[in-house]
Number of protein chains: 2
Amino acid sequence: MCDATDQNLADESQFIHPNIVATVQKESPSPELLSDLADLYKIFGDSTRVQILSALRVHEMCVGDLAGLLNMTLSAVSHQLRALRANKLVKSRRDGKIIFYSLADAHVEAILDMGLEHLQEINCPPHDPHCFEE
Amino acid sequence: MCDATDQNLADESQFIHPNIVATVQKESPSPELLSDLADLYKIFGDSTRVQILSALRVHEMCVGDLAGLLNMTLSAVSHQLRALRANKLVKSRRDGKIIFYSLADAHVEAILDMGLEHLQEINCPPHDPHCFEE
DNA sequence: GTATCACTTGAGCGTTTGTTCAAGTGATAC
DNA sequence: GTATCACTTGAACAAACGCTCAAGTGATAC
């Protein structure tokens, strides 16, 4: 743990509220970890990849069927599957000539659900007073 | 240009496993909703924005302090705050000349936590000795 | 009024990203 | 062996993205 008087970064030179900045510096995760977090969300931040993940959530699928479902080329889907594989969000098994893809673990589903929940909240739910205007 | 066998449902025409595709089509959310979901995650998919959100989670902050904390220009931070505002992930209040930003609601924290949890699972799962696998 | 502060906004620019196209790999069938 | 199928991969290119710079806005102080 850090000393409470340690303000070597948030001193009086440049900050309007140095004490607040010092507190935030202490309590927020490191920029490196947050950068990894951003990289993870970046994978979910594409329509094609989210559609693939959402489809695989229902059933394992081969690349050709995924391409037909999304109305995209085999190559485009394969490129995105590569990104999903690299980030361990999907796994694959081979059966003869066909390769079946499926979600890597339950965490992927949880992340999808979390986002869908938030979307519903944002779109002014019927009986929720937390509906901002503008 | 579509061929004569192109149909709106997954029949025997182009798919290797038409019944699987049909099931997925029925059970997966619409492409429009999934596109909105991708747009939401896109906001979380940038290191600067995640750092801002993570900082605001600890305490409300003004733009200048955020810029100092992240070691970025006022303009760069303001541009990202605009994106966060547009997606209702942060809210602001004015106090004289200073504008304080804070997280819009608890859902934002939950999404951040979900991602951080997943990162920990990926790096060193408790029962899996498969660390540093590639 | 002018000046300053805190912040926003638009244009410009280099970097990143996602798709297409063409070529290549690995497995099955003959 | 050759042929075909299912899929992958690398290069290329347009579109989207994030930062910088300069100008602009709104509030306070004088």
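In what follows, chains are A, B, ... by sequence order, proteins preceding strands, each numbered from 1.
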Side chain A:Asn87, main chain A:Ala83, donor-acceptor under 3.5 Å: yes
Measure from CG on B:Asn71 to C1' on D:dG18 and round the result to the nearest Å. 16 Å
Rounded to the Å, how far apart are B:Asp65 CG and C:dC7 C1'? 13 Å
Which of D:dC19, C:dT9, D:dC7 is nearest the side chain of B:Thr48? It is D:dC19
Need the pair for D:dC30. Rule: Watson-Crick or G-U wobble, both distances under 3.5 Å, any strand; none if unpaired. C:dG1
Only pairs at least two apart or in different chains count here, so list each ring pair (Phe, Tyr, Trp, His ring centres under 6.0 Å) that has a residue in residues 28-50 of chain A. A:Tyr41-B:Tyr41, A:Tyr41-B:Phe44, A:Phe44-B:Tyr41
Rounded to whole Å, how long is the line connecting atom CZ of A:Phe44 with atom C1' of C:dG18? 18 Å
Would you mind classifying the nucleic acid contact of B:Tyr101 as base, sugar-phosphate or nothing, using non-hydrogen atoms under 4.0 angstrom? sugar-phosphate
Searching all strands shown, indicate the nucleotide that pairs with D:dA11 (Watson-Crick or G-U wobble; both distances under 3.5 Å). C:dT20
Report the nucleotide, chosen from D:dT9, C:dA6, C:dG18, that has the shortest atom-to-atom distance to any side-chain atom of B:Lys97. C:dA6
Please report, rounded to the nearest Å, how far the P atom of C:dT8 is from the CD1 atom of B:Ile98. 12 Å
If you check the A:Gln80 side chain, which of D:dA6, C:dG18, C:dT20 turns out closest? C:dG18
Pair of N/O donor and acceptor under 3.5 Å linking C:dT17 base with A:His79 side chain: no
Looking at the side chain of B:Leu74, which of D:dC7, C:dG18, C:dC7 is the nearest nucleotide? C:dC7
How many Å lie between CD on A:Glu60 and C1' on D:dC7, as a whole number? 16 Å
I want to confirm an ordering. Mapping A:Ala76 and B:Val63 to their closest nucleotides on DNA chain C, which one lands closer to the 5' end? B:Val63
Could one point to a donor on the side chain of B:Ser75 or the base of C:dC7 with an acceptor on the other under 3.5 Å away? no
Give the rounded distance in Å between these two atoms: CG of A:Leu81 and C1' of D:dT9. 13 Å
Given C:dC7, D:dT8, C:dG10, the nucleotide with the shortest approach to the side chain of B:Arg82: C:dG10
Which nucleotide sits closest to the side chain of B:Thr73: D:dT20, C:dC7, D:dC7? D:dT20
Roughly how many Å is it from CZ in B:Arg93 to P in C:dA6, rounded to a whole number? 15 Å
Does A:Arg85, at its CZ atom, have more than 12 non-hydrogen atoms belonging to other residues, nucleotides or ligands within less than 6.0 Å? yes
Quick one: pull up CG in B:Leu33 and OG in B:Ser28 and give me the separation to the nearest 0.5 Å. 9.0 Å
Give the rounded distance in Å between these two atoms: CD1 of B:Ile99 and P of C:dC5. 17 Å
From the candidates D:dC17, C:dT20, C:dT8, the one with an atom nearest any side-chain atom of B:Lys42 is D:dC17
Hey, could you give me the CD/CD1 distance between A:Gln80 and A:Ile52, rounded to the nearest 0.5 Å? 6.0 Å
Side-chain (B:Asp105) to main-chain (B:His107) donor-acceptor, under 3.5 angstrom: yes
Looking at D:dC21, which nucleotide sits across from it as a Watson-Crick or G-U wobble partner, both distances under 3.5 angstrom, or is there none? C:dG10
Looking at A:Arg94, does any N or O in its side chain come under 4.0 Å of the phosphate oxygens OP1/OP2 on D:dC7? no
